[in-house]
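What follows is a set of notes on a single structure, which appears directly below.
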Amino acid sequence: VNKIDKLYDYYVPEQFTDAICTGIRVVVPFSKSNMLKKAIVLSVREESDDLPFKWIIGIADNEPVINPLQIDLLNVLKNRYFVTYAKAFKTIVPRSIDFKINQRFYATDELLKINKELYDFIKKHSNGITYDKVPFKLFKVFKQCLNEGVVTADVLIKQKGKHTER
């Protein structure tokens, strides 16, 4: 069984507290690289252990895509038939409601002081840039500047026939 096939806890930012509920799909940073991944809220707690959780950064749905009975079924599939959470989820939720995560990055004025070449590259793309557009020679400094907050990011969640910025 996959080492990462387990449940994870995430903090809910204040702007999402009214929208978060069981069965909602969200976008979360995952692993040390903080790669954006799709996730589903299986439960909500008011309090948590003092572990260093990451934050939910986007919400994909206006209403739950699975109900409590389907969550129970997901757990039965996982525990009885030894499938991953991802495979169990795919058997329950239709593919037609899938979504894509697009992330765009923007330069802050502070970046100009740190790396003019990266600043100029990002600024010439008025709609921001995506990971795949960052030149190889600038990628290491790009990641460092992203971690330091001098490169900022917006998340675009694109669903069938519509997209929303979160």
Side-chain angles (χ1 to χ4, degrees), residues 1-106 108 127-134 142-166:
V1 176
N2 195 332
K3 288 182 187 178
I4 63 171
D5 185 44
K6 59 183 181 178
L7 301 180
Y8 295 87
D9 290 331
Y10 285 85
Y11 289 121
V12 178
E14 193 172 313
Q15 73 262 29
F16 297 150
T17 54
D18 291 339
I20 290 291
C21 64
T22 302
I24 291 281
R25 294 173 302 164
V26 294
V27 176
V28 296
F30 190 75
S31 79
K32 289 181 182 177
S33 68
N34 288 324
M35 188 81 151
L36 296 184
K37 295 292 183 179
K38 302 170 190 176
I40 188 153
V41 177
L42 296 179
S43 67
V44 179
R45 298 184 302 207
E46 287 297 319
E47 294 182 20
S48 189
D49 301 332
D50 289 329
L51 297 175
F53 300 132
K54 295 180 182 182
W55 294 86
I56 292 172
I57 62 166
I59 300 176
D61 305 304
N62 293 325
E63 57 189 43
V65 294
I66 62 174
N67 61 43
L69 186 61
Q70 290 170 310
I71 292 173
D72 289 343
L73 177 59
L74 183 130
N75 287 317
V76 167
L77 291 171
K78 166 83 174 125
N79 296 322
R80 187 176 295 170
Y81 299 104
F82 305 105
V83 298
T84 64
Y85 279 111
K87 285 186 181 181
F89 181 74
K90 285 179 181 179
T91 63
I92 295 170
V93 178
R95 283 188 83 154
S96 62
I97 65 166
D98 198 11
F99 66 96
K100 275 185 114 167
I101 306 166
N102 291 315
Q103 194 170 26
R104 293 214 165 268
F105 302 95
Y106 303 90
T108 64
N127 291 334
I129 61 168
T130 56
Y131 266 121
D132 60 327
K133 299 294 184 205
V134 179
F142 168 79
K143 290 288 283 183
Q144 182 181 359
C145 290
L146 183 61
N147 289 336
E148 293 172 4
V150 293
V151 171
T152 60
D154 282 340
V155 176
L156 184 69
I157 299 170
K158 188 174 183 182
Q159 295 185 354
K160 206 173 189 180
K162 57 184 171 183
H163 60 277
T164 56
E165 274 190 58
R166 303 282 180 165

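The shown structure was predicted, so the numbers you read here are calculated from the model rather than taken from an experiment.
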**Asked** So, for Glu14 and Thr17, which heavy atoms are closest and what is the spacing to 0.1 Å?
**Response** O-OG1, 3.0 Å
**Asked** Does NZ or CZ of Lys38 come closer than 6.0 Å to the centre of the six-membered ring of Phe99, within 45° of the ring's axis?
**Response** yes
**Prompt:** Are the side chain of Asn67 and the backbone of Gln70 linked by a donor-acceptor contact shorter than 3.5 Å?
**Reply:** yes
**For Lys100, all residues meeting side chain to side chain donor-acceptor pair (under 3.5 Å), sequence neighbours excluded** = none
**Message:** What's the separation between atom CG in Leu146 and atom CD in Gln144, rounded to the nearest 0.5 Å?
**Reply:** 11.0 Å
**Asked** Do the rings of Phe142 and Phe105 sit parallel, tilted or perpendicular, given the 30° and 60° boundaries?
**Response** perpendicular
**Asked** What distance separates Thr91 OG1 from Leu73 CG, expressed to the nearest 0.5 Å?
**Response** 6.5 Å
**Check: Asp154 side chain, Arg104 main-chain N or O, donor-acceptor pair, under 3.5 Å** = no
**Item:** Ring-face cation of Lys37 near Phe30 (centre distance under 6.0 Å, axis angle within 45°)
**Value:** no
**Prompt:** Just wondering, do Ile56 and Pro13 contact through their side chains at under 4.5 Å, heavy atoms?
**Reply:** yes
**Item:** Point-to-point distance, once rounded to the nearest 0.5 Å, from CD1 of Ile57 to CG of Leu36
**Value:** 4.0 Å
**Item:** Exercise: identify the closest heavy-atom pair between Ile59 and Ala19
**Value:** CD1-CB, 3.6 Å
**Prompt:** Does any donor atom in the side chain of Asn34 or Lys54 lie under 3.5 Å from an acceptor atom in the other side chain?
**Reply:** yes
**Asked** Say you draw a straight line from CG of Asp98 to CZ of Arg95; how long is it, rounded to the nearest 0.5 Å?
**Response** 7.0 Å
**Asked** Would you say Lys87 and Tyr81 make side-chain contact, with heavy atoms under 4.5 Å?
**Response** no
**Asked** Are Arg25 and Ile97 side-chain neighbours, meaning at least one heavy-atom pair lies under 4.5 Å?
**Response** yes
**Prompt:** Can you check whether Phe53 and Tyr11 have ring centres sitting under 6.0 Å from each other?
**Reply:** yes
**4.5 Å side-chain heavy-atom contact, Asn75 and Tyr85** = yes
**Item:** Candidate pair Ile20 and Val26, rule side chain to side chain contact (heavy atoms under 4.5 Å, CB included), full reasoning
**Value:** CA-CA 9 Å; Ile20 290 291; Val26 294; 3.8 Å; yes
**Asked** Taking everything shown except Glu63 itself, do over 12 heavy atoms lie less than 6.0 Å from its CD?
**Response** no
**Request:** List in chain and number order the residues that pass side-chain contact (heavy atoms from CB on, under 4.5 Å) with Pro68, two or more places apart in sequence or in another chain; answer none if no residue qualifies.
**Result:** none
**Message:** Do Asn102 and Val155 have side chains that approach each other closer than 4.5 Å (heavy atoms only, starting at C-beta)?
**Reply:** no
**Message:** When you compare the side chain of Phe89 with that of Ile40, does any pair of heavy atoms fall below 4.5 Å?
**Reply:** yes
**Request:** May I ask you to test the Trp55-Pro29 pair for a side-chain heavy-atom distance under 4.5 Å?
**Result:** no
**Asked** If you look at every heavy atom in Ile24 and Asn62, which pair is closest and at what distance?
**Response** CD1-C, 4.3 Å
**Asked** What heavy-atom pair brings Leu42 and Leu74 nearest, and what distance separates the two atoms?
**Response** CD1-CD2, 4.3 Å
**Item:** Side chain to side chain, Val151 and Thr108, heavy atoms closer than 4.5 Å
**Value:** no
**For Ala88 against Leu77, the heavy-atom pair lying closest together** = CB-CB, 3.9 Å
**Item:** Inter-residue atom distance Lys6.NZ - Thr84.OG1, 0.5 Å rounding
**Value:** 15.0 Å
**Message:** Does Asn79, at its CG atom, have more than 12 non-hydrogen atoms belonging to other residues, nucleotides or ligands within less than 6.0 Å?
**Reply:** yes
**Distance in Å, Ile4 CD1 paired with Ser31 OG, rounded so as to fall on 0.5 Å steps** = 8.5 Å
